[in-house]
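What you see is a predicted model; the values in this text were computed from it and never measured. Letters go in sequence order (proteins before strands), and every chain restarts at 1.
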Amino acid sequence: MRIYRVSGAVVEAEESTGVKMHELVLVGEANLVGEVIRIDGDRAFVQVYEDTYGLKPGEPIKSTGNPLSVELGPGLIGTIYDGIQRPLSSLREKEGAFIKRGISAPPLDRTKRWHFLPTAMVGQKVSGGQVLGYVQETEIVKHAVLVPPDVKGELQWVADEGDYSLEDPIAKLPSQELHLYHRWPVRTPRPYLERLPADEPLVTGQRIIDALFPIAKGGSAIIPGGFGTGKTVVQHQLAKWADADVVVYVGCGERGNEMTEVLRDFPKLVDPRTGKPLMMRTVLIANTSNMPVAAREASIYTGITIAEYFRDMGYNVALMADSTSRWAEALREISGRLEEMPGEEGYPPYLASRLAEFYERAGRVKTLQGNEGSVTVVGAVSPMGGDFSEPVTQNSLRFVQVFWGLDKDLADRRHFPSINWITSYSQYSSTVSSWWIKHTGEDWPDLVAEAFRVLQTENDLESLVRLVGIEALPESQKLTLLVARILREGFLQQNAFNDVDTYSSPRKQYLLLKAMIGFYRSSEKVIEKKIPEAEIEGLPIVQELIRARFTVSEELKLEDLVKRAEDAPKSLSGEIDRGDKM
Amino acid sequence: MGLKRRVSYATVTQINGPLVFIKGVKDVGYDELVEISSARGRSLGRVLEVSRDVAVVEVFEGTTGLSLGGTSATFLGRGLEVGVSQEVLGRVFDGIGEPADGKPYPYAREKADINGSPINPTAREYPSEFIETGISGIDGMDSLVRGQKLPIFSGAGLPHNALAAQITRQAKLLNSSEGFAIVFVAIGITHDEAMYFRRSFEESGALANVAMVLNLADSPAVERITAPRVGLTMAEYLAFEEQMHVLVIMTDMTNYCNALREISSSRGEIPARKGYPGYMYTDLASIYERAGKIIGKKGSITLLPILTMPNDDISHPIPDLTGYITEGQIVLDRGLYRRGIYPPIDISLSLSRLMKDGVGKGYTREDHMDLSNQLYASYARMKEVRSLETVVGEEGLSEKDRMYLKFGDFFEQRFLKQAEDEDRGIEETLNLGWDSLALLPEDELSRVSPDEISKYMKKRT
């Protein structure tokens with residue numbers, strides 16, 4: 001095979017008979033990594049994952065016979081990779097601060113020795129996905145060493161407990177040796193036994209998400225938003241606080257400093273469940289906006305394949321992709337170089353099917369070894385001009401169950417997270433509510449429903465208020481607006497950079513909501529007794545409710561707040577001693 | 001690539017916009033530099049696409065005067081490079097890095113490809129050193145830090161040049177004992193505008209520390225593509241080899257994007273929005289992402305691009321894609337400017353993403369972030385009141401609403417507004433912020449803590 005034509009990231013090859021679709025090839029004298037993406041007669045089109053400058057027609061292209069794959073084994077956690085799983089720290093050690101071309105480094109460290117504890121036995125018949133033994137990869141991730149999905153046979157030998165490097169055999173089948181790691185093609189979903197319903201919430205500690213628009217473990221969501229609406233902060237918050245066992249964070253075509261921020265913060269942040277640094281459960285894929293565009297296309301698949309691998313061990317995995325729009329733009333750029341017929345806004349017509357394939361790799365499943373695991377996918381979308389009618393947002397919406405629409409107006413008012421509570425939705429609300437009832441209180445669904453009602457009423461009244469002013473409203477509606485403000489400022493807003501507020505436990509979310517709704521209900525009764533709303537608004541409890549998210553972290557004080565919130569309005573109608581107003 | 005005999009080709013088969021198509025070429029590399037000779041003299045170009053039969057070459061300086069028969073091309077076997085050293089400071093270059101001040105080439109310590117290489121994300125150091133610009137609207141509300149890329153979104157006729165010049169004069173980056181440099185990149189702006197900046201550098205005594213890369217309005221449009229890269233290549237050398245703090249100013253990036261569109265359409269590419277190519281985001285990122293800091297290096301590149309929003313439309317693809325790449329934006333507002341407020345910074349649309357890490361205790365003052373958040377929130381509320389006022393009139397407003405109007409006026413006239421030569425310290429900026437808030441009822445201030453109120457606001461009122 002030889003280069004016939006070079007155009008940006010796409011190389012056209014001639015004399016390519018025998019080459020396979022999605023085969024990995026090495027392009028030119030510099031051995032740049034590329035992948036076959038179209039075959040036409042004896043011509044093949046290759047997308048090249050490195051900068052193609054200086055490539056010349058006539059230079060050789062070498063087949064490898066293998067599809068683009070990732071290495072899966074101990075050593076993934078805590079590592080930062082580029083879009084084709086080159087370890088960026090190793091590249092930096094080799095080449096310095098700037099990424100050069102044609103360099104490679106094994107994704108998993110070959111020199112490191114891992115302590116392997118076998119569980120499989122000689123004579124045992126094993127098949128794909130079954131466990132050979134375990135390696136304690138980090139303090140919080142126990143790495144199950146799996147038989148590769150496409151392999152089966154009777155174990156003729158299993159290594160004793162001990163320290164092994166990745167290349168040491170740890171088991172033998174008649175047909176082959178098995179190692180601590182195996183390879184898997186990124187474009188092929190890893191197999192599982194069956195899909196299970198997604199009915200347990202992924203608790204994120206973010207109040208508007210958990211309470212109003214929850215996502216289930218194994219579910220999928222998108223966060224579209226114009227620039228400055230806080231997509232990346234929400235994604236980082238989920239990566240930090242979601243109760244997943246493993247987090248795969250894919251920085252796809254975004255800012256370099258955002259990945260640096262993750263690298264700086266995650267080793268210092270402590271996982272509230274395990275008490276260990278968050279980095280001990282995190283895998284990072286970084287293909288920033290200035291890195292080669294074709295590798296950006298691959299980064300999403302690299303990420304989800306790693307996520308599926310940990311799922312197959314029985315873990316709940318969360319994958320954040322920031323941003324899927326940059327991935328779609330990479331598709332568009334490659335498609336343009338292939339001179340394909342464009343669809344909407346220049347995106348290729350297969351954009352929808354690619355998005356579907358990606359989001360369908362999310363799910364809660366029964367794994368090949370028989371236990372349960374899940375992959376939850378959260379994709380950020382960066383619509384041009386914040387316009388949600390563009391193709392990436394619209395096509396994604398067809399395949400995900402949760403929509404967290406970020407709102408420019410809210411962001412301009414510094415209301416964060418700027419998830420719009422009127423337009424957003426979650427199709428998991430009812431399926432996960434039994435979990436919340438069990439873990440918080442019977443009245444959880446009622447509290448949430450009431451909060452929605454108040455917020456919706458506020459929205460309905462908004463245009464009326466703008467016309468006639470708030471003074472013209474009846475007292476009961478003024479009260480609803482007051483409660484809506486308390487909910488907005490004291491519950492929906494959440495400061496990611498405040499040590500207390502950044503994470504809300506389910507219990508705290510429940511008690512805050514209970515206090516606010518309790519206040520509402522008891523105030524309603526007071527209003528019925530012809531006491532003006534202004535008096536209720538003047539109660540110190542109002543400010544206290546709004547600030548409770550910062551100041552109260554002990555549950556006892558919250559329980560107390562719930563009671564006081566209910567009692568305070570009653571003091572106005574003389575039901576109880578007015579002493580507490582002094 | 002070694003030594004090889006340079007072959008000239010006289011086989012130009014098509015000329016289209018800035019592009020020349022050359023047939024029958026051999027041994028030509030993608031993105032290689034080409035020398036084009038014709039009756040008008042010699043000019044440079046680069047290979048945009050190459051196949052066995054044909055090379056597509058983009059000619060810097062444009063194709064005016066080229067003909068099919070009278071043009072020959074020599075492929076140089078390398079990309080466009082510039083010589084870099086400290087001696088670029090005090091000098092003027094054209095859009096492809098050739099000296100444009102009549103002096104010889106500066107001594108070059110090394111030659112560097114203008115495209116640079118991406119910074120490995122693991123090698124980046126997160127920017128967090130506050131730069132005091134002496135401008136309240138920026139320091140107080142959208143602080144700039146070393147290594148940040150913070151564009152000014154402006155409109156035709158707004159004072160973005162004055163603001164950029166004021167920032168360069170006052171930025172305390174310059175007064176520190178560490179080495180500093182300015183790289184000024186003009187992209188398709190007028191001679192007058194370029195002169196304005198030159199004079200401003202001269203007046204502040206900084207001229208000897210400025211490298212100017214000038215592609216003016218009458219220079220070839222294709223060189224608008226190379227000019228920012230030439231400037232950044234010089235900046236990278238100064239920052240990461242000579243350990244200097246480099247401020248790079250680029251104006252006007254809108255002209256850059258339009259040149260990109262022009263070349264894309266001559267190549268017959270399928271456009272995304274408004275005719276701009278689908279890869280514009282990636283292309284802009286390859287410029288903006290060169291800003292930053294690197295672990296183990298003392299220097300930094302802080303990038304201050306200026307762009308004029310066509311029709312003042314912030315959702316236009318140019319500001320839109322820029323905003324997705326840069327770490328915030330300073331947005332200028334025509335309404336404020338008409339009311340005589342300089343700098344007319346619209347704080348509700350402006351943002352500095354790196355501010356949270358560069359301000360507060362140990363950097364500026366402990367109350368900075370909360371104060372800034374409160375000012376934003378109150379200002380946003382004030383704007384709602386103003387629009388309500390246009391409907392119901394001032395009489396129809398509540399007592400509280402009228403307090404907001406007073407707050408708004410004070411904030412705009414005292415906090416935002418300042419003279420072009422006024423260098424306000426951060427303390428004064430923050431205190432003016434508290435003075436504005438003092439016009440509002442205290443229970444409206446939910447973003448600042450009661451402690452901060454008593455410590456900083458009470459004391460002053």
Side-chain angles (χ1 to χ4, degrees), chain A residues 4-8 12 14 51-58 80 88-89 91-92 96-100 226-228 251 253 255-257 259-261 263-264 286 288-291 293 326 329 332-333 336 342 345-346 382 384-387 412-414 466-467 469-471 489 497 543 546-547, chain B residues 27-32 49-52 79 115-127 240 269-273 278-279 281-282 285-286 289-290 292 294-295 297 315-317 320-321 323-325 327-329 348-349 351 354 356 373 376-377 380 388 391-392 396 398 443 446-447:
Chain A
Y4 173 77
R5 185 172 71 109
V6 188
S7 171
E12 192 177 334
E14 56 184 355
D51 194 347
T52 51
Y53 118 82
L55 282 184
K56 292 173 182 172
I80 176 166
L88 286 168
S89 305
L91 296 192
R92 183 176 157 218
F98 293 90
I99 300 176
K100 302 279 163 38
F227 68 81
R255 301 176 184 92
N257 275 331
M259 295 315 290
T260 310
E261 190 180 3
L263 285 174
R264 181 194 63 170
T288 56
S289 53
N290 55 341
M291 286 158 75
V293 68
R326 306 304 165 217
E329 282 166 16
R332 173 168 71 184
E333 186 171 340
E345 290 195 19
S382 318
M384 263 227 193
D387 171 10
D412 286 347
R413 273 185 269 152
R414 293 299 186 267
R466 205 171 292 154
L467 272 178
I470 194 166
E471 297 307 320
E489 296 182 10
F497 306 108
Q543 284 306 315
I546 288 175
R547 286 177 192 272
Chain B
D27 209 24
V28 167
Y30 175 69
D31 213 17
E32 187 175 315
E49 184 177 314
V50 59
S51 70
R52 271 244 200 265
N115 289 314
S117 298
I119 301 178
N120 188 321
T122 63
R124 279 185 188 270
E125 187 176 321
Y126 198 75
F240 303 132
E269 289 171 343
I270 298 147
R273 275 201 179 174
Y279 51 79
Y281 172 85
T282 305
S286 73
E289 280 287 323
R290 290 170 80 171
I294 289 178
I295 296 169
K297 312 259 186 195
S315 68
H316 183 280
D320 190 55
L321 292 179
Y324 276 120
I325 304 165
E327 284 141 352
Q329 66 279 335
S348 33
L349 292 177
L351 170 74
L354 301 182
K356 63 181 167 36
N373 283 333
Y376 269 115
L388 182 66
V391 181
V392 300
S398 70
D443 62 0
S446 64
R447 317 250 167 160

So which of [options] has the largest heavy-atom pair count under 4.5 angstrom toward chain A?
options                        : answer
B/N115, B/V391, B/I325         : B/I325
B/S398, B/P127, B/A377         : B/P127
B/P118, B/A285, B/G116         : B/P118
B/G323, B/S286, B/G292         : B/G323
B/E269, B/H316, B/Q329, B/R290 : B/Q329

At a heavy-atom separation under 4.5 Å, does [X] approach chain B through its side chain, its backbone, both, or neither?
X      : value
A/E471 : neither
A/E261 : both
A/E345 : both
A/I99  : both

Closest heavy-atom contact between [X] and [Y]?
X      : Y      : value
A/L263 : B/P121 : CD1-O, 4.1 Å
A/R332 : B/A272 : NH1-CB, 3.3 Å
B/S117 : A/K100 : OG-CE, 4.0 Å
A/G58  : B/R52  : CA-NH1, 3.4 Å
A/P342 : B/I270 : CG-CG2, 3.7 Å

[atom1]-[atom2] distance between [X] and [Y], expressed to the nearest 0.5 angstrom:
X      : Y      : atom1 : atom2 : answer
B/I119 : A/N257 : CD1   : CG    : 8.5 Å
B/T122 : A/L91  : OG1   : CG    : 8.0 Å
B/S315 : A/M384 : OG    : CE    : 10.5 Å
A/E12  : B/E49  : CD    : CD    : 9.0 Å
A/M291 : B/N120 : CE    : CG    : 7.0 Å
B/I294 : A/F98  : CD1   : CZ    : 4.0 Å

Got a sec, which residues hit side chain to side chain donor-acceptor pair (under 3.5 Å) with B/T282, two or more places apart in sequence or on another chain?
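In terms of side chain to side chain donor-acceptor pair (under 3.5 Å), with neighbours along the sequence ignored, B/T282 is linked to A/R296.
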Within a strict 4.5 Å, meaning less than it, do heavy atoms of the B/R273 and A/D387 side chains meet?
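A side-chain contact under 4.5 Å exists here.
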Heavy-atom cut-off 4.5 Å, strictly under: side chain, backbone, both or neither for B/V50 against chain A?
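The answer is both parts of B/V50.
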Non-hydrogen atoms of chain A under 4.5 Å away: do they reach the side chain of B/E125, the backbone, both or neither?
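The backbone, not the side chain.
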Please identify, among A/S89, A/G385, A/G336, the residue contributing the most non-hydrogen atom pairs under 4.5 Å to chain B.
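Of the options given, most contacts go to A/G385.
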Report the option among A/A286, A/G386, A/S7, A/G251 that has the most heavy-atom pairs separated by less than 4.5 Å from atoms of chain B.
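Max contact count across the listed options: A/S7.
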Backbone N or O of [Y] within a donor-acceptor pair of the [X] side chain at under 3.5 Å?
X      : Y      : value
A/R264 : B/Y126 : no
B/E289 : A/S289 : no
A/Y4   : B/S51  : no
A/R255 : B/Y324 : yes
B/R447 : A/R414 : yes

Decide yes or no on side-chain contact (heavy atoms from CB on, under 4.5 Å) for A/R92 and B/I295, but give the supporting numbers first.
CA-CA 11 Å; A/R92 183 176 157 218; B/I295 296 169; 4.0 Å; yes
List the residues meeting ring-ring contact (aromatic ring centres under 6.0 Å, His included) with B/Y281, not counting sequence neighbours, and say none if there are none.
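For B/Y281, no residue satisfies ring-ring contact (aromatic ring centres under 6.0 Å, His included) once neighbours in sequence are set aside.
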